[in-house]
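Just so you know, ligand 1 is whichever comes first in the structure, and atom 1 is the first atom listed for that ligand. All values derive from a computational prediction rather than experimental measurement.
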Amino acid sequence: MSVLNLGPELTVPLEEVVGQCVAILGIRGSGKSNTAGVIFEELLEAHYPLSLIDIDGEYFGLKEKYEVLVVGGGDHADVELSMATVGEVANLSLHEGVPVILDVSDMLGGEREAVVFDYLTRLWSLAGRLRTPYLIGIEECHEFIPQGVRTRLKDVIARIALRGRKRGLGAVVISQRSAKVEKDVLTQAGMLFLHRVVHEADMRVYGELLPWRKPEAKEIVSHLGIGECIFLSGTVARKVKVRLRTTFHGGYTPSFCPVESPKLRQVRGRLLEALARAQDAASRPPAEAPAPLALPPAPEWDRAPDAPSIVGSTDLPLPVLVRVDRLLRRLRRLPPVQQRVVGFLVREEPTAYTTDELAAWVDCPEALLRVEPPVAALDLGLVACERLARGITYRGMVRQYVDEAFRGFIPSLGPEGTRQLVAYLRRQIADLAPVERDLAYTP
Ligand SMILES: Nc1ncnc2c1ncn2[C@@H]1O[C@H](COP(=O)(O)OP(=O)(O)O)[C@@H](O)[C@H]1O
Ligand SMILES: [Mg+2]
């Protein structure tokens, strides 16, 4: 039976990790990422397939010793990632047992959420069929599974952490904000590595997790050194020291030449082919989508000061149009009411509307908007929510969205190109639900 050698006096039988939820907590610099890295090294040593959701691009160093495919952005990616190809990566990782680092370090909030959601959803459903041991590691998990907030991404992660065992799925969740992580996930975790914390709120969480009297727990936890933690498995807790990882810790420039094994190269070749096919299929214009370059004349209502003419949109470079297309695809997957709301707010930007005004304009019951606020558009940053004296209001934010999401393109677009992009995007989004637009404009 394989064991994971995590420290001088810390070995864990591999089978205890299968389908397990493992939590690694502690303040910044306490050694969490190192502990996680050591666990991943040991799992890779045992040829255990896994995916790491790497939001800081700090795990690529595992490639030094192990066959790991780094997918995504960042300087160390082997293969690029897009919404069109994310499913293929999950597919190959689970079917072929290829360890994957999903490097989302260069993605912004909305895009990152969408990619991670699609990836994990695919892994979840594939695992239901395959039922083989597989582990998913998630750094900064408080961003994905925050306490007290419900998102679709949180739902899928919580499902993996709490109910993955039957499918062979386990999770390693890592966070420096213990008090901000969904409590259910922490209390259900079968194995915890509790590094040092100092804040009272985090200490309270530890107090609830540890089988010790609270003053005693506080005394021990506050004196933990770097790399030391309380190892809690089942109901047994003890202080341990985790070894230092042997592969590079991200952030350092690697001074090695990664040696690619034939097996990984083979997978990489096939993965690249599969991704190219998926990308190709995605770049063909869908039947229902308006061709981005053949635009009808702008209607009266679209003649905002920064939208003088849409004809110039043909000047936008292809990579920009591809990214716009990707965003529109996402928006088209939203429920029709949500599309109407986003379209309306974007068209009316920067005017802010309360929920009841919005409901009247997009012709939907106010109660529905209260239950289903435009969360996806808020996450993407296309819409902002503010609490004003007259109540909660929403308004379009395309201008700011472009500044953020197209930041890399702005220097080459220049002020005129950026204005055209804003106008083009605004128009495309406003056109998402054209029938309702006419309805909304009926006085
Ligand atoms: N077990 C350990 N033994 C020795 N040094 C460690 C250990 N864990 C971490 N360190 C040191 O502390 C630094 C910060 O660790 P890291 O794992 O990045 O912390 P965190 O993820 O909690 O912010 C590392 O670069 C390393 O030098
Ligand atoms: Mg860290």
Could you establish whether [X] and ligand 1 come within less than 4.0 Å of each other, counting only heavy atoms on the residue side?
| X | value |
| --- | --- |
| Thr35 | no |
| His195 | no |
| Lys241 | yes |
| Gly29 | yes |

Legend entry - Arg245 (side chain) donor-acceptor with Phe248 (main chain) under 3.5 angstrom: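 Here the side-chain-to-backbone pair exists.
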Legend entry - Environment of the Mg ion (ligand 2) in terms of protein N/O/S atoms, cut-off under 2.8 Å: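 Those protein N, O or S atoms (cut-off: under 2.8 Å from the Mg ion (ligand 2)) are Ser33 OG.
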Legend entry - Charged N-O contact under 4.0 Å between Arg395 and Glu386: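 Yes, Arg395 and Glu386 are salt-bridged.
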Number the atoms of ligand 1 from 1 as they appear, then name those within less than 4.0 Å of a heavy atom of [X], with their elements.
| X | result |
| --- | --- |
| Ile27 | 22 (O) |
| Gly227 | 1 (N), 2 (C), 7 (C), 8 (N) |
| Arg243 | 1 (N) |
| Val242 | 1 (N), 2 (C) |

Legend entry - Ring-ring centroid check Phe344 Tyr353, cutoff 6.0 Å: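 Between Tyr353 and Phe344, which both carry aromatic rings, the centre distance is below 6.0 Å.
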Inset, instruction - Any salt bridge (charged side-chain N to carboxylate O under 4.0 Å, His left out) involving residues 127-147? Give me the pairs, sequence neighbours left out, ordered by first then second residue. - result: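 Applying salt bridge (charged side-chain N to carboxylate O under 4.0 Å, His left out) to every pair that reaches into residues 127-147, excluding sequence neighbours, yields Arg112-Glu143.
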Inset, instruction - May I ask you to check whether Ile226 has an N/O atom sitting below 3.5 Å from an N/O atom of ligand 1? - result: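 So ligand 1 has no N or O lying under 3.5 Å from an N or O of Ile226.
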Inset, instruction - Please confirm whether Arg28 comes within less than 3.5 Å of ligand 1 when only nitrogen or oxygen atoms on both sides are compared. - result: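 Such a contact does not occur with ligand 1.
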